[in-house]
Amino acid sequence: MDTPTPTAPVPHGANSLRTGPDARGKFGGFGGRFVAETLMPLILEVEQAYAAAKADPAFQPELDYYLKHYVGRPSPLWFAERLTKALGGAKVYFKRDELNHTGAHKINSCMGQILLARRMGKTRIIAETGAGQHGVATATVCALFGLPCTVYMGATDVARQAPNVFRMKLLGAEVKPVVSGAATLKDAMNEALRDWVANVTDTYYLIGTVAGPHPYPMMVRDFQSVIGEEAKQQLQEAEGRLPDVAVAAIGGGSNAMGLFHPFLDDPSVRLIGVEAAGHGLDTHQHAASLSRGRPGVLHGNRTYLLQDDDGQIEEAHSISAGLDYPGIGPEHSWLHEIGRVEYVAATDDEALDAFQLCTRTEGIIPALEPAHALAHVKKIAPTMGADDIILMNLCGRGDKDIFTVAEHLGVKL
Amino acid sequence: MSRIATRFAELRAQGRGALISFLEAWDPDPATSMEILRGMPAAGADLIEIGCPFTDPMADGPTIQLAGKRALKAGAKMVHTLAMVREFRRGDAATPIVLMGYLNPILAYGVERFCIDAAAAGVDGLIVVDLPSEEADLMLPLMTTHGLDMIRLVAPTTDERRLPKVLDGSSGFVYYVSITGITGTRTASAEDLADAIPKVRRATDLPIAIGFGVRSPAQAAAAVKAADAAVVASALIDTLAGTLDSDGRAGPETVRRVLDQVRALADGVRQARQAA
Ligand SMILES: Cc1ncc(COP(=O)(O)O)c(C=O)c1O
């Protein structure tokens with residue numbers, strides 16, 4: 001059944017860029033529901049349940065309650081004054097989603113989805129994770145509501161993200177290392193989908209980014225849009241206007257969609273998504289699906305993918321495990337093709353430099369993911385005027401990354 | 001009449017069900033896989049399903065995942081799978097061949113060019129696992145134009161309200177995924193099948209094949225009693241995998257062991273008197 005679903009709480013005009021996806025879950029030619037028939041009824045059920053939740057006046061207040069008292073929203077908007085001086089150009093503001101409970105934006109969507117899963121009467125939660133941030137956030141909300149939780153994580157990532165694995169276990173989750181394929185995030189997602197087909201009645205699949213089959217890209221975007229909505233209002237209070245540029249890092253693209261979506265219909269705001277260039281865009285070791293990929297179908301949606309000529313999916317590389325994904329949310333692919341959002345890339349080294357700059361000038365240790373966004377801010381701020389404003393999503397804190405950073409700086413911990 | 005329809009009509013006349021045996025193209029190497037394909041009809045396969053290797057086979061269990069991995073390591077590409085079929089057709093004009101795979105390699109090949117080349121190679125039908133009826137318009141018109149059957153998956157989760165939508169535009173046969181789960185993991189009970197198949201039967205005149213979890217001759221016999229065909233995949237690949245050396249290379253027994261198992265399965269199918 002194709003039930004048309006409204007996508008945002010406010011009405012949009014005919015020319016709005018905020019009305020997608022259509023009833024088939026498409027953003028232009030991207031998105032959709034490319035899953036095996038066994039899963040199809042399940043994702044239709046999620047779609048209907050989500051539409052019903054949105055139509056229920058009790059749902060949003062319930063979510064708001066948890067976002068305020070448990071997650072700690074609204075997150076502050078911070079004028080990064082020393083950083084601004086150091087860069088010598090535009091004023092840089094950080095949207096501080098790293099101050100959320102569990103230390104990243106991931107919990108915004110986990111909270112929304114766990115409430116939905118409860119409404120659906122689901123009694124078991126599964127998730128995929130790369131860096132472990134989404135796994136930790138999922139394990140957290142499962143602990144909060146007393147639901148059993150299984151997190152699939154590539155064996156490679158289990159080895160390089162040991163602290164988060166331990167956190168998930170402390171929170172009561174079962175962490176299943178995935179050895180199939182290349183044993184990283186994309187394989188963890190395959191394995192979670194395989195679990196879901198085998199456990200259709202009781203299980204809810206809590207996807208961590210704006211990927212997967214419809215309605216996930218829309219639903220995760222909606223739950224993450226709280227980032228951009230708050231920031232818009234906070235900047236209005238601080239500066240009385242919109243930012244000139246909004247910048248966010250892109251793995252699957254959820255923190256970026258959350259920041260961008262409320263600004264899509266404000267043409268004066270330049271939106272810039274920063275992909276991971278790894279060792280460089282012209283090497284084979286990067287995670288820049290839009291800059292270097294081609295459209296294809298993976299994990300239930302049509303989008304830009306890193307793939308070879310024969311349509312086999314290629315491995316991504318980034319110093320940041322959270323950006324290490326060969327695809328990107330379908331709405332980004334559409335925004336890329338219509339030119340509303342610019343997509344650029346930052347290398348591992350640039351992210352490491354930005355990581356250190358942020359730490360020293362602002363006393364904030366950022367996650368390596370937003371360090372990619374900052375690397376781009378570092379490039380553009382000096383070219384802009386002192387009255388210009390850059391809004392950057394500081395979507396995660398860097399405690400999880402200190403081991404990786406130490407290793408790259410040649411420090412033994 | 002298409003090869004698939006012809007074959008099912010012949011079998012109906014003989015009063016028996018069909019064995020559909022599976023192999024992954026180029027697993028573990030082109031020559032072995034070609035020899036298995038060529039040998040299958042004589043061993044008793046009535047139809048053949050060839051898996052197209054993909055890096056991310058989300059509906060498949062470990063057995064078929066590893067088969068795909070071996071094939072990709074051997075350098076398998078979509079053109080090679082089609083070349084196998086072309087080669088097979090030089091000696092066999094009658095046995096229907098169905099390709100089973102995922103959408104992305106087809107998109108990379110180009111949907112139209114793929115349909116043209118597959119039909120020209122002698123492919124009869126396609127099962128595209130991640131192309132549910134909601135997205136089928138991407139391929140259906142081109143498949144129809146080029147005479148390829150679109151074989152649809154129906155699952156235990158497909159309820160009777162949804163069934164007509166899933167069957168709309170399907171041809172060749174209907175593939176009933178007998179378990180909720182991935183390939184090679186569980187097996188449906190006779191009661192499950194007795195409950196499920198009549199519902200599908202009421203919704204279609206097409207032959208119904210049962211797959212996922214059919215491993216032994218007895219299970220294949222049960223499948224053709226409940227429906228019209230049994231698809232056996234993981235059990236054959238497990239046998240193949242058991243003959244490989246530690247580097248994944250085929251041994252002297254590989255082809256024979258797989259074909260012996262096809263023979264045993266075919267015996268099971270032939271001994272089961274199909275309920276009229
Ligand atoms: C802090 C942080 N930022 C960004 C990401 C990437 O995901 P997305 O692009 O969906 O925001 C992750 C994923 O683990 C993350 O932990």
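Here is the naming used below: chain letters follow the sequence lines, and residue numbers restart at 1 for every chain. Every heavy atom of this structure was used, including side-chain atoms; hydrogens, water molecules and symmetry mates were not.
With respect to the salt-bridge test (charged N to carboxylate O, under 4.0 angstrom), the residues Lys199(B) and Asp159(B) do not qualify. For Asp22(A) and Lys26(A), the salt-bridge test fails: no basic side-chain N is under 4.0 Å from an acidic carboxylate O. Between Arg24(A) and Glu134(B), no side-chain nitrogen of the basic residue sits less than 4.0 Å from a carboxylate oxygen of the acidic one, so the salt-bridge criterion is not met. We find that Glu160(B) and Arg202(B) are joined by a salt bridge, their nearest charged nitrogen and carboxylate oxygen being less than 4.0 Å apart.
Comparing Glu191(A), Glu314(A), Gln307(A) by how many heavy-atom pairs each has under 4.5 Å with chain B, the most go to Gln307(A). Listed options Leu66(B), Leu131(B), Asn104(B), Val79(B) were ranked by heavy-atom pairs under 4.5 angstrom with chain A; first place goes to Asn104(B). Between chain A and the options Gly61(B), Pro62(B), Pro132(B), Ala155(B), the largest number of non-hydrogen pairs under 4.5 Å is found for Pro132(B). Counting heavy-atom pairs under 4.5 Å between each of Ala108(B), Ser133(B), Pro156(B) and chain A puts Ala108(B) at the top. Put simply, of Met58(B), Met78(B), Glu135(B), the one with the most heavy-atom pairs under 4.5 Å next to chain A is Glu135(B).
Lys69(B) touches chain A through its side chain: at least one heavy atom from C-beta onward sits under 4.5 Å away, while N, CA, C and O do not. Only the side chain of Val166(B) comes within less than 4.5 Å of a heavy atom of chain A; its backbone N, CA, C and O stay farther away. With a 4.5 Å cut-off on non-hydrogen atoms, Ala76(B) touches chain A through its backbone but not through its side chain. Arg186(B) touches chain A through its side chain: at least one heavy atom from C-beta onward sits under 4.5 Å away, while N, CA, C and O do not. Heavy atoms of Leu103(B) lying under 4.5 Å from chain A belong exclusively to its side chain. The part of Asp309(A) that comes within reach of chain B is its backbone (N, CA, C, O), which places non-hydrogen atoms under 4.5 angstrom from that chain. Contact of Val35(A) with chain B is made through backbone and side chain together, with heavy-atom distances under 4.5 Å. The contact between Val154(B) and chain A is made entirely by backbone atoms, counting heavy-atom distances below 4.5 Å. Residue Ile106(B) does not touch chain A at all, counting heavy-atom pairs closer than 4.5 Å.
Aromatic ring pairs are classed by plane angle as parallel below 30°, tilted from 30° to 60° and perpendicular above 60°; the pair Tyr109(B) and Phe114(B) is perpendicular.
A donor and an acceptor atom, one from each side chain of Tyr343(A) and Glu275(A), are nowhere located under 3.5 Å apart. Side chain to side chain, Glu24(B) and Ser33(B) fail the donor-acceptor criterion of an N or O pair below 3.5 Å.
Here side-chain hydrogen bond (donor to acceptor under 3.5 Å, both in side chains) pairs that include residues 56-68 of chain B, with residues two or more places apart or in two chains, are Lys186(A)-Asp56(B), Asn190(A)-Asp56(B), Asp60(B)-Tyr102(B), Asp60(B)-Thr183(B), Thr63(B)-Asp238(B).
Judged by a 6.0 Å distance limit and a 45° cone about the ring axis, Arg86(B) is not positioned over the six-membered ring of Phe88(B).
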